[in-house]
Each structure stands twice: as structure tokens, then as C-alpha cells.
Amino acid sequence: MLQPGFVGTSPPDWLRRRLNDGLGGVVLFARNIVDLDQVAALNAALVAENPDVIIAVDEESGDVTRLDVEHGSRRPGNHALGAVDDPALTEAVAADIGAQLAAAGITLDYAPAADVNNNPANPVIGVRSFGGDPDLVARHTAAWIRGLQSTGVAACAKHFPGHGDTGVDSHHGLPIIEVDAARLGQVELPPFTAAIDAGVRSIMTAHLLVPALDPERPATMSRSVLIDLLREQLGFKGLVVTDGIEMASVSQRYGLGGAAALAIAGGADAICVGGESADEAVVELLRTSIVDAVMSGELPESRLAEAASRVATFAAESAAQRGARAAAADRWHAADRPEVGLAAARRALRVTGAGTLPLAGPAHVVEFGVATNLAIEARTPWGVGAPLTELRPDTTVVRLDEHATVADVLAGAQGRIPVLVCRDPHRHPWLARLIAAVVAARPETVVVEMGVAAGEPIGAVHLATYGAAAVCGQAAAEALAGSAR
């Protein structure tokens, strides 16, 4: 029932040994991936040790990518797809993701995020959500699942019962959702109901407390949430996977092993671990903790057997999808495969303001760095400067942080049009103030917002990309340079 991570671009000896002894799954992170050929060889080596192994990855695309971390995602994320609001496009983008994953040998994708981002200050969901309207999120969640699973790769709707209305990042602390059951049914749950209706094969739990459902245990450990609500009321019969069990929201409260045992007791079937804790000692700790919980009576043996049976059923279903994955992989390798991601990013781009595009002169691009949550790989490139420079070599680019002043921003802008590139200024007061001051000093300033566009657009021209994927930056650069297609 464990899905551990590991370090390296080839399987370590301990992982091979445990797979040979029956370890049921692994999860890959960006540290395991160099390119498609390498990760395909890595996964073939895993399968050679255990033909039924579940190979998972967290590939949402958009800001959260594992396969394209070096160059940025070749597809926009959920928020951009929600802005377009064309479920057929969402389905096509997800099928493209599935084809890439199939070519890599992945069988389970921890995506899509089915959270309704109804709190613009949310520090961990944001552009990972299709939007703030439950109906919109529901129809795109279903479309995304249909697209991905058409390739033989299993989808995993997350984070149940909904992580959108939080002001705390569960990587660092325990969020509390202070709403009643009726509100949950109206807002948070419809996307998961749509996911189940679409045949989603797995659902990931959220490390958050919902007092209306369980005042004591986080959702990951709560029978009220996972058994009474998810299984009995919503009728989900597939695999329940935990979010990373080492996340501080649960591991600091229960310990790493205690959190795993409580999650299985609460109704989870598989334990995801390895984002930060990725060695054999962690696997042994979790295994021992689960066994000890059975021996002490804290974890009924029947619940353990039920979870293991669901993992085995999931693995058998994945094996039956090998043909679909092979066909999808062939499509991925085809020379005439369309670039659906860039086309989607162009459709998502929104341009407002009294100014005009393309830019009438050379640009001075200022990209403002802000802290991102742990789901986003820190080294993933983002911004507009690089693609705009390719189209307009006379572009200058600088990246600044919260210590920047108006003078710093405008230092290289003499004779150039300031282009300010930002993420979520509504969440960073220093950034909102700085942008407003620059626009006041230079009214011709263009603002490119690559996060959740929650505030009033400012600048002579305002471009909203609804995410910071590489293709979102490319689409904005095309508009600025006048080469959009």
C-alpha cells in the first residue's frame, strides 16, 4: 500500500529489492527525471522488478510539472483552462498530458486538482484550480479525467473534500475549513461528484480539518470523511491515496508512522510519501508502524486487507490498460502531433486596458519573484522575458524581489516601455503597492499577471495568462511582440 519516492535517476538497490518482494507502488519527482527516454528506461526497470507496480507522478501541468521542470510546462494549467471554459479543450489538453505520461511509463497521475478556489488568498491552490465557481470546476474536472484516462493513465482527483477555501498551506500547517455540511455540498463537493461520475480511478485526500464532518481528525485520517462521506454517500469505489504523509499538517501532529497508520484506519488505501523523506528507512518506518497498529488493535486487520485488495484491483486494472497506453505513447512520438498546449494558452490570454499592442517600442521586462508553495518546483522557469527576447532581441530583462523600489524597477527603462510581470499581487501587498507606484510614474506601463487575476487590472495594457506555464509566457510574449497566431 506504500507509494514511496526515492533519490536518483535510476532505481536504487533498496527499491529494486522491495519491489521484488511486493512493494506496490512508487512516486516520481522532478529529481528522478532528466528527459523522456531516461524516465521511460527508469520505469521499465521498475516494472522488471514488479510487473504490477503502480508508477505515480504529480503532473498537473501549468505551474506544477514534473516532466517539464527544466523548461517549464508545455501546457497551461487548470486556471487557464477554466478561463477558456471549453471542456473539449480541457479534455484534449489532458489527453496530451496522458500521452506524454504513457510514453514515460507512468500509470497514475496525481491530478487533476478538483478544488474550488473560492478563497483568492489561498496560498497552495490558486492557479492549480479551474476557478472559483463549483459548476465550472465540476465540468472541467470531469473533462480532464475523461481526457487523461482515455490514454490508459489513471487520474486522481484531489484534494478531498476540497482545499480551495483555506488560508494555510498544508505543507506547513493544518488548514481548518469552517463551513457547515450544507455549504460543503454546494461548493466543495460537486467537482468530486463529477469526478466519480466521470469514472475517476483514484481520489487523493486533503490534510485539513473540517469540523462539520469530524472535529478531531484531519480528512486523511477521518472515517467520517473517507468512509461515511466519500464511500457511502458519494459512492466512490476506487483507490483512495493520501497526500504526502510527511507534510507538516499531519506528520507533526501524529508522527510519520502514526499518520500513515491512522490514514489506513480512517479509510485510505495507499500512502504517498517521499517528497522530502525518500529513503528505505522511511519505507521501513511506515511498514513497521502499520504492522504495530494492527497488532495493537488500533488498525483492524480487515481494514488493512481491504486497502491491500483495492491496491491490487487498481494494479490489475492498470495492467489491462497497457494497450491504451501503448497507443497513446505512439501518438506522443508521432511527428505530426499538434501543439495543443500552446494553442490553449493563446486562447486563455486576456488583454484589457486603453493601450495598444503590439508594443510600439523596445521593452524593459521586470519579473517579480515571490515565494511559491512546495508543489511548484522552485527551479521551473517562468516569465515573459525569455520568450519576448527571442521575438524582440532589443528587450532587456531583470528579475527583482520584495526589496525593490520604483527606482530599481525603472533603472533600465529609459527609452523603453516598462513591462511588469507578476504572480498574485493581491496576495503580496508590497508587490501590489510597487506595481501601482510604477504605473503612476510611467502610465504607459504594461502589466502581465501570471497568477490568479483577483484584483482590478492596472496598466496601460493588462495581460492575464492565468498561470505561469512556459506556454503562458510564450502566448503573452507573442501578444506583446505582435506575432500571436
OG1 on Thr389 to CG on Asp394, rounded to 0.5 Å: 8.5 Å
Examine the side chains of Thr220 and Thr205 and answer whether a donor and an acceptor come within less than 3.5 Å of each other. yes
Once you round to the nearest 0.5 Å, how far does OG1 of Thr141 lie from NZ of Lys158? 12.0 Å
Find the distance between CZ (Phe368) and CH2 (Trp430) and round it off to the nearest 0.5 Å. 6.5 Å
Side-chain donor/acceptor of Asp68 to backbone N/O of His71, under 3.5 Å: no
Do you see a donor-acceptor pair shorter than 3.5 Å between the side chains of Gln149 and Thr151? no
With the side chain counted from C-beta on, respond yes when Leu463 and Arg350 share a heavy-atom pair under 4.5 Å apart, and no when they do not. no
Apply the test side-chain hydrogen bond (donor to acceptor under 3.5 Å, both in side chains) to residues Gln100 and Arg75: give CA-CA distance (whole Å), side-chain angles for both, the deciding distance (0.1 Å), then the verdict. CA-CA 12 Å; Gln100 185 185 17; Arg75 308 170 197 88; 2.7 Å; yes
May I ask you to decide if Ile376's main-chain N or O and Asp63's side chain share a donor-acceptor pair within less than 3.5 Å? no
Please name the residue in the list Leu46, Leu42, Val27, Val153 that meets the side chain to side chain contact (heavy atoms under 4.5 Å, CB included) test with Ile55. Leu46
For the residue pair His79 and Asn117, confirm or rule out a side-chain donor-acceptor distance under 3.5 Å. no
Step by step, work out the salt bridge (Lys or Arg N to Asp or Glu O under 4.0 Å) result for Glu444 and Arg416. CA-CA 10 Å; Glu444 75 276 26; Arg416 296 175 176 276; over 6 Å; no
Distance under 6.0 Å and angle within 45° of ring axis: Arg201 vs Phe314: yes
Run Glu70 and Arg379 through salt bridge (Lys or Arg N to Asp or Glu O under 4.0 Å) and show every step you take. CA-CA 7 Å; Glu70 292 299 331; Arg379 72 177 191 270; 2.9 Å; yes
State, yes or no, whether a side-chain contact exists between Val448 and Thr465 at a heavy-atom distance under 4.5 Å. yes
Hey, are the side chains of Leu359 and Val419 touching, using non-hydrogen atoms and a 4.5 Å cut-off? yes
Is the number of heavy atoms from other residues, nucleotides or ligands within 6.0 Å of CD (Gln414) greater than 12? yes
Between His426 and Asp424, is there a side-chain heavy-atom distance shorter than 4.5 Å? yes
side-chain hydrogen bond (donor to acceptor under 3.5 Å, both in side chains) between His462 and Glu449, intermediate numbers included: CA-CA 8 Å; His462 182 275; Glu449 197 162 346; 3.0 Å; yes
Do Asp115 and His159 have side-chain N/O donor and acceptor atoms under 3.5 Å apart? yes
